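Report on the structure given below.
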Amino acid sequence: QVQLVESGGGLVQPGGSLRLSCTASGSIDSITAMGWYRQEPGKQRELVARITTRDESITYADSVKGRFTISRDSAKNTVYLQMNSLKPEDTAVYYCHTYAYVSNLYALGDFWGQGTQVTVSS
């Protein structure tokens, strides 16, 4: 099946930067989209950014526009999230997500990583 592994989270001061990475592995035929979601304790998980494979269409949450940048390396099945000018309200667990076709399956599936903690605090 498909596994997603995130890295790059940590503790930073307000105004600082972090770069998250997520690599997909497993029986992947093709990936149609990869993105990042985040979830604060007691709150609903929300989309942060997503990028499609075919047309490279990018979606950002309004709260991160101008500060975060999503990019990908298709050859490595990896997606990145560069986070600049971080604010305390960016504190959350960040989850990688992908839509992908799996070998021997003829329908699109979606898969989640385990999450990486991002904490922005002085």
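Remember, it's a predicted structure, so these values are computed and weren't measured experimentally.
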> What do you reckon, is CD of Q117 surrounded by more than 12 foreign heavy atoms closer than 6.0 Å?
Replying inline: yes
>> Quick one, L86 and F68 - any side-chain contact, counting heavy atoms below 4.5 Å?
In response: yes
> Within a reach of under 6.0 Å around CD of Q39, are more than 12 heavy atoms found that belong to other residues, nucleotides or ligands?
Replying inline: yes
> Taking all atoms of both residues into account, what is the closest heavy-atom pair of Y94 and E6, and its distance?
Replying inline: O-OE2, 4.0 Å
> So do the side chains of N77 and S25 get within less than 4.5 Å of each other, counting heavy atoms only?
Replying inline: no
> How would you list, by chain and number, every residue that makes a ring-ring contact (aromatic ring centres under 6.0 Å, His included) with F111, sequence neighbours excluded?
Replying inline: none
> Measuring from R19:CZ to N84:CG, what's the distance to the nearest 0.5 Å?
Replying inline: 11.0 Å
>> So which atom in P14 and which in S122 form the shortest heavy-atom distance, rounded to 0.1 Å?
In response: CD-N, 3.6 Å
> Quick one: which of T91, V64, L81 gives a side chain to side chain contact (heavy atoms under 4.5 Å, CB included) with R38?
Replying inline: V64
>> I need the S27 OG to L105 CG distance, nearest 0.5 Å.
In response: 9.0 Å
> Can you list the residues that meet the side-chain contact (heavy atoms from CB on, under 4.5 Å) rule with K65, with sequence neighbours excluded?
Replying inline: Y60, D62
> For the hydrophobic clusters of this structure (ILVMFWY residues joined by side-chain heavy atoms under 4.5 Å, transitively), does one cluster hold both Y80 and Y99?
Replying inline: no
>> Using 0.5 Å steps for rounding, measure from the CD1 atom of I51 to the CH2 atom of W36.
In response: 13.0 Å
>> Can you tell me how far apart OG (S121) and CG (D90) are? Round to the nearest 0.5 Å.
In response: 12.5 Å
> Does the side chain of M83 come within less than 4.5 Å of L20's, by heavy atoms?
Replying inline: yes
> How long is the span from the OG1 atom in T52 to the CZ atom in R50, to the nearest 0.5 Å?
Replying inline: 9.0 Å
> Which is it for V2 and T98 under the side chain to side chain contact (heavy atoms under 4.5 Å, CB included) test, yes or no, and what are the steps along the way?
Replying inline: CA-CA 9 Å; V2 177; T98 186; 4.3 Å; yes
>> Looking at every non-hydrogen atom in both residues, tell me the closest pair between L4 and C96 and how far apart they are.
In response: CD1-O, 3.5 Å
> Does a side-chain heavy-atom distance below 4.5 Å link Q82 with I70?
Replying inline: no
> Do you know the tightest heavy-atom contact between V118 and L18?
Replying inline: CG1-CD1, 3.8 Å
> Within a strict 4.5 Å, meaning less than it, do heavy atoms of the M34 and C22 side chains meet?
Replying inline: yes
> Is it true that the side chains of T32 and T53 contain a donor and an acceptor less than 3.5 Å apart?
Replying inline: no
> For the residue pair I31 and I28, what are the closest heavy atoms and their distance?
Replying inline: CG1-CG2, 3.9 Å
> With no hydrogens and no angle check, do the side chains of R45 and Y37 hold a donor and an acceptor under 3.5 Å apart?
Replying inline: no
>> A side-chain contact here means heavy atoms from C-beta on lying under 4.5 Å apart; do K87 and R67 qualify?
In response: yes
> Parallel, tilted or perpendicular: which describes the rings of W112 and Y95, with under 30° parallel and over 60° perpendicular?
Replying inline: perpendicular
>> Quiz question: by atom type and distance under 3.5 Å, do the side chains of D29 and S103 form a donor-acceptor pair?
In response: yes
> Is N104 atom CG crowded by more than 12 heavy atoms from other residues, nucleotides or ligands, each under 6.0 Å away?
Replying inline: no
> Does S57 reach the main-chain N or O of D55 with its side chain, forming a donor-acceptor pair under 3.5 Å?
Replying inline: no
> After noting the C-alpha distance and the side-chain angles of V5 and T23, does the key distance pass the side chain to side chain contact (heavy atoms under 4.5 Å, CB included) rule?
Replying inline: CA-CA 6 Å; V5 179; T23 299; 5.5 Å; no
> Are there more than 12 heavy atoms of other residues, nucleotides or ligands under 6.0 Å from atom CD of Q3?
Replying inline: no
> Around Q44, counting heavy atoms of other residues, nucleotides and ligands shown, do more than 12 lie under 6.0 Å from its CD?
Replying inline: no
